[in-house]
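In what follows, a structure is listed as structure tokens, so that the remarks can point back to it.
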Amino acid sequence: QVQLVESGGGLVQPGGSLRLSCTASGSIFSINAMGWYRQAPGKQRELVAVMSSGDTTTYADSVKGRFTISRDNAKNTVYLQMNSLKPEDTAVYYCHARRVGPLNRNFDHWGQGTQVTVSS
């Protein structure tokens, strides 16, 4: 019962920047982590950045120093600021939320994905 709406993808040149946004609605009070994953053609979906309770953050080694995850609790929105983009960053980026349900079980929710293409 969580809905995620993403925006901000597009086409950029190498070295450029994009900011992705993800707004959550529904049972947002029970969300304990939100983040971003990406999937390139023919590859597995991989973690990009995650922010959990207490503002603990985790980044993929490939994006450390270039990407920053942040949130605006008042807007129920998580952002991914992507700088110094490289062609290998090209992928569909998915917003993710983990929700705590009955008996402390976790449930995963995914956005529809937004395309990021880095090319000259």
| task | Walk me through it: do Arg66 and Asp89 pass the test side chain to side chain contact (heavy atoms under 4.5 Å, CB included)? | result | CA-CA 11 Å; Arg66 300 189 298 120; Asp89 295 318; 2.8 Å; yes
| field | Side-chain (Ser21) to main-chain (Tyr79) donor-acceptor, under 3.5 angstrom | value | no
| Charged N to carboxylate O below 4.0 Å: is that the case for Arg99 and Asp108? | no
| field | Gap separating the CG atom of Leu18 from the CG atom of Asn83, nearest 0.5 angstrom | value | 9.5 Å
| message | Using side-chain heavy atoms (C-beta onward) and a distance below 4.5 Å, is Leu4 in contact with Gln112? | response | no
| message | Using modelled atom types and a 3.5 Å cut-off, is there a donor and acceptor pairing between side-chain atoms of Thr77 and backbone atoms of Lys75? | response | yes
| message | Nearest 0.5 Å, please: how far is OG in Ser70 from CG in Asp55? | response | 10.0 Å
| message | Restricting to non-hydrogen atoms, name the atom on Ala91 and the atom on Ala40 that form the minimum distance, rounded to 0.1 Å. | response | CB-N, 3.8 Å
| note | Of all heavy-atom pairs linking Met34 and Ala97, the shortest is CG-CB, 4.0 Å
| Heavy-atom side-chain proximity of Val118 to Leu11 below 4.5 angstrom | no
| Under a 4.5 Å cut-off applied to non-hydrogen side-chain atoms, are Pro87 and Ser119 in contact? | no
| request: Answer whether the closest heavy-atom distance between the side chains of Val92 and Thr114 falls below 4.5 Å. | output: no
| Residue pair Val116 / Leu20, side-chain heavy-atom distance below 4.5 Å | yes
| said: Any non-hydrogen side-chain atom of Val100 less than 4.5 Å from a side-chain atom of Asn106? | reply: yes
| query | Does Glu6 use its side chain to pair, donor to acceptor, with the backbone of Cys95 at less than 3.5 Å? | reply | yes
| Do Trp36 and Phe67 make the cut of ring centroids closer than 6.0 angstrom? | no
| request: Would you please classify the geometry between the Trp110 ring and the His96 ring as parallel, tilted or perpendicular, with 30° and 60° separating the classes? | output: tilted
| What closest approach, in Å, do Ser62 and Arg38 show between heavy atoms, and which atom pair accounts for it? | OG-NH2, 3.3 Å
| message | With a 4.5 Å cut-off on side-chain heavy atoms, are Arg98 and Phe107 touching? | response | no
| query | Are any of the side-chain nitrogens in Lys64 or Asp61 under 4.0 Å away from the carboxylate oxygens of its partner? | reply | yes
| said: Before you tell me yes or no, could you show the steps for Gln81 and Ser17 under side chain to side chain contact (heavy atoms under 4.5 Å, CB included), namely the whole-Å CA-CA distance, both residues' side-chain angles and the distance that decides it to 0.1 Å? | reply: CA-CA 8 Å; Gln81 179 66 47; Ser17 298; 4.0 Å; yes
| Side-chain (Tyr59) to main-chain (Ile69) donor-acceptor, under 3.5 angstrom | yes
| field | CG-CD1 distance between Asn76 and Ile31, expressed to the nearest 0.5 angstrom | value | 7.5 Å
| task | Keeping the roles fixed (side chain from Thr57, backbone from Met51), state whether a donor-acceptor pair exists under 3.5 Å. | result | no
| message | Distance check, rounded to the nearest 0.5 Å: Ile28 atom CD1 versus Gln3 atom CD? | response | 10.5 Å
| task | Just do the side chain to side chain contact (heavy atoms under 4.5 Å, CB included) check on Tyr93 and Gln115 with the steps written out, would you? | result | CA-CA 6 Å; Tyr93 284 70; Gln115 178 71 48; over 6 Å; no
